[in-house]
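Just so we're on the same page: letters track the sequence lines, and every chain starts at 1.
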2 protein chains.
Amino acid sequence: MGAAVTRPGPRRTLSEQAILDAALALLAELGADRVTIRGIANRVGIAPNAVYTYFPDKAAVLHGLAEQLLGRVLDDRQTDARRPWRDRVHSLAHDLRAELLAHPGSVRLLLDNDGPNARAINATLLSVLADAGLDQDAAARGAHLVNVLILGSIATANQAATDQFEWSIDRLLDGLSTYAAR
Amino acid sequence: MGAAVTRPGPRRTLSEQAILDAALALLAELGADRVTIRGIANRVGIAPNAVYTYFPDKAAVLHGLAEQLLGRVLDDRQTDARRPWRDRVHSLAHDLRAELLAHPGSVRLLLDNDGPNARAINATLLSVLADAGLDQDAAARGAHLVNVLILGSIATANQAATDQFEWSIDRLLDGLSTYAAR
DNA sequence: ACCTGAACACCGTTCAAGT
DNA sequence: ACCTGAACACCGTTCAAGT
């Protein structure tokens with residue numbers, strides 16, 4: 001009975017995306033601190049160090065994972081310029097919040113992320129705030145502020161307090177409106 | 001030459017505070033993810049598992065560490081009711097920000113903290129916002145919102161952008177003022 | 001109660017080798 | 001290029017034992 005040892009060598013069944021899918025599944029099922037290189041490798045059926053064939057290190061995997069999450073957020077409801085600007089911010093905030101709440105601990109994955117999807121969301125916010133009457137500089141500061149509020153609210157929320165969240169967004173938008181009308 | 005082995009037994013030279021002092025030193029020198037049980041133990045000169053004589057687990061050490069940080073923030077400039085309420089919020093925000101920037105990665109230590117010092121800061125914010133004309137419910141939501149903004153701003157700041165920070169605080173306070181005057 | 005050494009069950013990452 | 005096994009340098013935590 002020759003041992004059925006899995007021998008080294010290419011399998012061609014895996015891809016960068018397969019790694020990220022496994023990482024996303026671990027994130028949804030177990031939370032951010034259980035997204036490990038070894039856990040991902042185990043889930044896709046390779047040795048832990050084989051992950052380094054696809055990504056240079058764990059930080060790169062987490063960066064890709066953050067981009068996966070952000071890619072699910074943007075849609076017509078935020079980009080349609082005919083809708084009222086406050087509605088568009090509320091829609092973006094709601095969708096981002098829903099995505100983050102579905103993935104425990106995912107907030108910190110987004111904090112240092114600056115990939116294409118992060119930029120797309122920021123660009124959308126910039127155009128919304130321009131519609132609100134803010135100049136370029138104020139729109140940039142305002143977009144950052146909205147991001148901070150969304151990420152911070154979820155990170156510090158003891159319970160899933162939707163009311164508090166909506167109220168906070170409205171106070172912030174009032175502050176930006178006041179600035180636009182200065 | 002009898003081996004100078006350190007034998008087990010009480011030393012009576014250590015305390016809970018000595019552990020926290022070591023943790024704070026590691027935090028300031030190396031950042032939050034280098035605050036380890038083994039690193040603390042090494043710094044105070046005991047075996048890693050001896051730390052568990054003083055704290056039940058690492059989470060308890062980090063909780064104590066967060067309280068240490070918060071204990072340095074509050075002073076007269078925030079609690080003096082004769083000062084304008086906006087100045088008092090700016091002062092609190094500035095001090096908290098300075099404390100967090102001096103300790104890399106410390107923001108996440110505060111996110112799930114709810115000790116005496118955290119409550120004291122929240123109580124101060126509540127009374128400031130009451131002075132601003134907010135009712136009890138709005139003051140509670142507003143205090144949470146200010147906390148979120150401070151912690152979030154520091155967590156997401158790419159550079160040490162003091163201007164952006166001050167601007168954000170002012171937009172937020174404008175929003176709260178608008179609500180108070182409704 | 002306070003401490004030690006040894007161990008357990010994990011990490012991320014590197015290295016040498018096989019296909 | 002893609003993969004394996006073994007190893008290295010870490011973690012937090014538990015257990016049995018010594019004072």
Side-chain polar contacts of residues 120-134 of chain B - donor-acceptor pairs under 3.5 angstrom, sequence neighbours left out - could you list them?
residue	atom	partner	partner atom	Å
B/T124	OG1	B/A120	O	3.0
B/S127	OG	B/T124	O	3.3
B/D131	OD2	B/R88	NH1	2.9

**Q.** Euclidean distance, B/L69 CG relative to B/L27 CG, rounded to 0.5 Å
**A.** 6.0 Å
Q) Can you tell which of C/dC2, C/dT4, D/dC3 lies closest to the side chain of B/Y54? A) C/dC2
**Q.** Consecutive Watson-Crick or G-U pairs in runs of at least 3, all under 3.5 Å, in which DNA chain D is involved
**A.** C:4-8 with D:12-16, C:12-16 with D:4-8
[X] [atom1] to [N] [atom2]: how many Å, rounded?
X: B/I40; N: D/dC11; atom1: CD1; atom2: P; answer: 11 Å
X: B/I46; N: C/dA1; atom1: CD1; atom2: P; answer: 17 Å
X: B/D33; N: D/dC10; atom1: CG; atom2: P; answer: 15 Å

(Q) If the condition is side-chain hydrogen bond (donor to acceptor under 3.5 Å, both in side chains), which residues does A/R72 pass it with, not counting sequence neighbours? (A) A/E99
Q: Taking side-chain hydrogen bond (donor to acceptor under 3.5 Å, both in side chains) as the test, write out the residues that go with A/H90, two or more places apart.
A: A/E166, A/D170
Q | Nucleic acid footprint by protein, nucleotides 12-19 of chain D - heavy-atom cut-off 4.0 Å, B for base, S for sugar-phosphate alone | A | BBBB--BB
(Q) I want to check something: taking the side chain as every heavy atom from C-beta on, are A/I40 and A/L20 in contact at a cut-off of under 4.5 Å? (A) no
Q) Are any of the side-chain heavy atoms of B/L24 and B/L65 separated by less than 4.5 Å? A) yes
Q. Can you list the residues that meet the side chain to side chain contact (heavy atoms under 4.5 Å, CB included) rule with A/N42, with sequence neighbours excluded?
A. none
Q.
Can you tell me if A/R77 has over 12 outside heavy atoms packed within less than 6.0 Å of its CZ?
A. yes
